[in-house]
4 protein chains.
Amino acid sequence: MPKSEEPPKVTGARAAAAESKRRQILDGAVRVFARQGFHGCRVSDIADEAGVAYGLVYHYFETKNEILDTLFLERWDILLALIAEIDSREIAAREKLYEISAFIIESYRHDPDLMKVIIVEVTREANSFGRTHLAKISDAYDGIAAIVARGQSSGEFRTDVTAQFAALAFYGVIEQALTGWIFDLLPGGDSEYEQAKHFVVATICDGLHA
Amino acid sequence: MPKSEEPPKVTGARAAAAESKRRQILDGAVRVFARQGFHGCRVSDIADEAGVAYGLVYHYFETKNEILDTLFLERWDILLALIAEIDSREIAAREKLYEISAFIIESYRHDPDLMKVIIVEVTREANSFGRTHLAKISDAYDGIAAIVARGQSSGEFRTDVTAQFAALAFYGVIEQALTGWIFDLLPGGDSEYEQAKHFVVATICDGLHA
Amino acid sequence: MPKSEEPPKVTGARAAAAESKRRQILDGAVRVFARQGFHGCRVSDIADEAGVAYGLVYHYFETKNEILDTLFLERWDILLALIAEIDSREIAAREKLYEISAFIIESYRHDPDLMKVIIVEVTREANSFGRTHLAKISDAYDGIAAIVARGQSSGEFRTDVTAQFAALAFYGVIEQALTGWIFDLLPGGDSEYEQAKHFVVATICDGLHA
Amino acid sequence: MPKSEEPPKVTGARAAAAESKRRQILDGAVRVFARQGFHGCRVSDIADEAGVAYGLVYHYFETKNEILDTLFLERWDILLALIAEIDSREIAAREKLYEISAFIIESYRHDPDLMKVIIVEVTREANSFGRTHLAKISDAYDGIAAIVARGQSSGEFRTDVTAQFAALAFYGVIEQALTGWIFDLLPGGDSEYEQAKHFVVATICDGLHA
DNA sequence: TATGAATGAGTTTTCATTCAT
DNA sequence: AATGAATGAAAACTCATTCAT
């Protein structure tokens with residue numbers, strides 16, 4: 001799924017250029033964070049990678065941390081919106097889960113650096129820093145749990161495992177698959193990604209038993 | 001499961017005292033890393049928490065990072081040994097997975113700080129630092145995959161989902177449960193832990209379908 | 001001989017100011033190194049003496065050591081250029097040696113701190129650090145040796161003492177005179193400096209014999 | 001010239017062993033100082049090189065600096081005694097200077113590490129630390145100056161160059177030769193050492209002129 | 001004497017952030 | 001908006017020295 005291209009605000013060439021610098025910085029930051037980690041890079045590395053002047057980073061962002069926050073929120077809000085949209089469709093819960101799985105895996109295929117940053121850096125940061133991210137992550141869990149709960153109500157899913165735990169398990173499987181690709185513990189590639197979308201659902205919905 | 005208490009080597013009071021200081025430092029580090037994060041604490045915080053002089057930390061460990069490494073390896077090696085031992089038992093694959101799930105969750109109940117550090121801090125370090133940790137993590141995946149593969153051979157498990165992916169999914173579910181408890185996204189407590197041990201296996205082996 | 005005053009490059013106030021801060025740091029470092037020794041001072045002493053912020057030192061120089069290197073090379077390159085220039089003149093070898101002796105002693109009169117740093121600190125660093133300085137020092141020896149060799153070819157100098165050794169002896173006498181002044185083992189003062197210029201040549205060229 | 005072996009104090013085996021440990025430490029320190037420089041080594045390096053326990057170094061020496069002092073003074077006092085002894089002989093001043101030159105160069109041949117330490121580390125240390133060493137160095141200058149002065153009185157040496165300056169020049173030539181060998185700027189070897197003893201006197205007494 | 005664990009002050013370097021232009 | 005020099009707090013790491021045994 002392509003990056004959600006915000007409609008180019010029609011505010012003249014100047015503003016467009018400015019917006020593009022801001023975008024450059026975010027894009028540079030993704031590459032640098034993915035390569036060196038949030039703590040392993042300097043603000044000047046971001047500026048260099050983005051091809052902008054050092055000081056400009058601070059024109060667009062208050063702190064280094066805000067850059068990470070922005071990257072996370074941009075992407076995560078898309079995910080949250082998608083979960084909500086999918087849940088509103090008239091399809092089986094299993095199908096809904098497949099769509100979410102597919103979306104996240106496609107996101108990784110499309111921009112592995114960004115997903116790496118979100119998974120590796122943001123979660124850990126949540127430990128030391130604000131709870132903002134945790135609330136957002138919780139929102140995703142809740143959205144998925146809502147899908148599961150609806151599946152339970154309709155009789156599609158068993159009810160002894162709580163919807164909350166099921167949601168968390170579902171997300172855990174996907175995140176671990178991404179982690180595997182990120183750290184080269186799992187072979188990556190287009191066919192593997194395609195297969196994984198199905199494996200996630202097969203494992204979580206059908207179980208491993210024969 | 002209690003920390004593998006090495007038999008108190010009878011090597012005189014001096015050596016014993018020395019070993020205890022080293023232990024104190026490791027124990028202090030766990031608490032500090034859990035509370036403030038690896039990057040959020042200073043070496044002096046570790047020394048203070050451990051009740052030893054600053055310099056002593058560097059007498060026992062080359063770098064701050066080596067402390068984290070040591071904590072991770074101590075515990076992870078126990079996990080690896082356990083996985084191997086469980087796989088050698090004459091029980092169903094499903095039972096084996098339950099034992100592993102139970103062990104990890106018990107580890108968290110017994111020493112949540114340590115598990116928090118391993119899950120939250122080590123993975124991030126794996127990104128920037130050496131691949132040592134990754135190799136160890138990979139070993140765990142492999143051990144679990146071996147169990148699944150044996151289950152597939154015996155006809156207990158389906159074979160369309162690869163053993164490798166199944167192992168990763170299984171571990172992903174457990175890790176996400178721990179993450180949930182760590183960040184208070186999931187209610188914790190003795191009965192929840194007990195329930196979760198079963199949920200993990202129910203989800204992965206039986207699936208969510210009704 | 002005055003410090004080679006580079007013509008103030010007309011590059012705008014900003015660049016000029018920047019260059020002047022860098023110069024301030026170097027000048028402060030000379031005073032501090034001379035007073036307390038390279039190892040006896042902190043980088044903050046340099047910053048304080050130069051009247052700049054601590055961090056600015058690291059904006060202009062990678063390490064404390066690079067400051068020392070810069071001071072040495074700036075001056076030594078002037079010496080090397082001078083030796084080459086003097087050798088090209090159409091004067092007696094003895095005159096050439098006098099000019100070099102005079103230049104070095106004048107350098108000391110003009111900026112005793114800098115010469116002290118070069119003689120006292122750089123040599124020691126040459127031991128532990130890179131061979132860069134040694135190569136430069138060797139260049140000076142070679143330049144002087146070339147002058148002596150030409151003197152030998154013309155019949156002005158005896159040939160049983162090698163030019164190489166003679167060069168080294170000549171430089172050794174000068175350096176020891178400076179060392180004497182630096183450590184107050186030899187009375188200093190304008191007339192003493194003037195006298196020493198002649199003594200160096202008298203000793204090396206004519207010998208002590210009656 | 002062999003290291004002045006102090007007569008083995010007849011105080012029993014224990015004291016002898018103790019003395020030997022102290023000697024071991026000094027000998028180890030010479031090697032370490034020569035290799036890494038005074039500031040570039042740790043006290044533990046000295047202990048390791050000497051093959052003694054860390055703490056023992058502090059049993060025999062108050063500070064790290066005292067070790068350097070001891071090494072310098074041991075050797076320098078021998079030099080001072082020798083200068084005095086030579087001056088009392090009934091030989092030409094030129095012969096006396098030859099003997100001193102020969103002694104110092106032999107000292108270097110016999111124990112280059114020790115001479116390297118004295119020349120490279122002690123003189124520089126004189127800058128930051130006490131004036132003790134300077135007084136001793138001054139004593140050597142004075143001793144040599146006395147020889148020159150006597151040579152001037154007897155009509156052997158010219159009088160326009162002061163005895164003080166001549167002494168300093170003489171020592172400067174020798175020190176620079178040693179520096180050349182130490183830093184590989186001058187080819188070393190037995191025949192070169194032998195030749196240098198003569199070159200020093202030829203240069204200083206006879207001069208370079210044809 | 002001999003050992004090596006224990007202490008903690010000291011120092012370089014890093015780097016996020018600010019600011020003048 | 002854009003630049004990059006300037007600031008200074010922060011922290012890891014070093015290592016001489018002390019001390020208990």
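Just so we're on the same page: letters track the sequence lines, and every chain starts at 1.
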If you look only at distance, which donor and acceptor atoms sit under 3.5 Å apart when one is on a side chain in residues 45-56 of chain D and the other is two or more places apart or in another chain?
from, atom 1, to, atom 2, distance (Å)
D:D45, OD2, D:R42, N, 2.9
D:E49, OE1, D:R35, NH2, 2.6
D:E49, OE2, D:R31, NE, 2.7

Those residues at least two apart in sequence (or on a different chain) that pass salt bridge (charged side-chain N to carboxylate O under 4.0 Å, His left out) with D:K116 are none
Do B:D69 and B:T132 make a side-chain contact, defined as non-hydrogen atoms from C-beta onward lying under 4.5 Å apart? no
State which residues pass side-chain hydrogen bond (donor to acceptor under 3.5 Å, both in side chains) with A:K64; sequence neighbours excluded, sorted by chain then number. none
With sugar-phosphate taken as primed atoms, P, OP1 and OP2 and all else as base, the protein-contact string of nucleotides 11-17 of chain F at under 4.0 Å (heavy atoms; B, S, -) is SBBBSBB
Measuring to OP1 and OP2 of F:dA6, would you say a side-chain N or O of C:H59 lies under 4.0 angstrom away? no
Taking Watson-Crick and G-U wobble contacts under 3.5 angstrom, with | marking pairs to another strand and [ ] crossing pairs, the secondary structure of DNA chain F is written .||||||||||||||||||||
Whole Å only: how far is the [atom1] atom of [X] from the [atom2] atom of [N]?
X     : N      : atom1 : atom2 : answer
A:D48 : F:dG4  : CG    : P     : 10 Å
C:K21 : E:dC19 : NZ    : C1'   : 13 Å
A:F61 : E:dA16 : CZ    : C1'   : 16 Å
C:I46 : E:dT12 : CD1   : C1'   : 11 Å

What are the two closest non-hydrogen atoms of D:T63 and D:Y58, and how far apart are they? CA-CE2, 4.3 Å
Starting the side chain at C-beta, find the nucleotide from F:dT7, F:dT3, E:dT1 nearest to A:L56. F:dT3
Per atom distances to the A:Y60 side chain, the nearest of E:dG8, F:dA2, F:dG8 is F:dA2
Sorted by chain and residue number, the ring pair (Phe, Tyr, Trp, His ring centres under 6.0 Å) partners of D:F72 (sequence neighbours excluded) come out as D:W76, D:H133
Residue list, side chain to side chain contact (heavy atoms under 4.5 Å, CB included) with B:T70, at least two apart or on another chain: B:R22, B:L26, B:F61, B:E66, B:E74
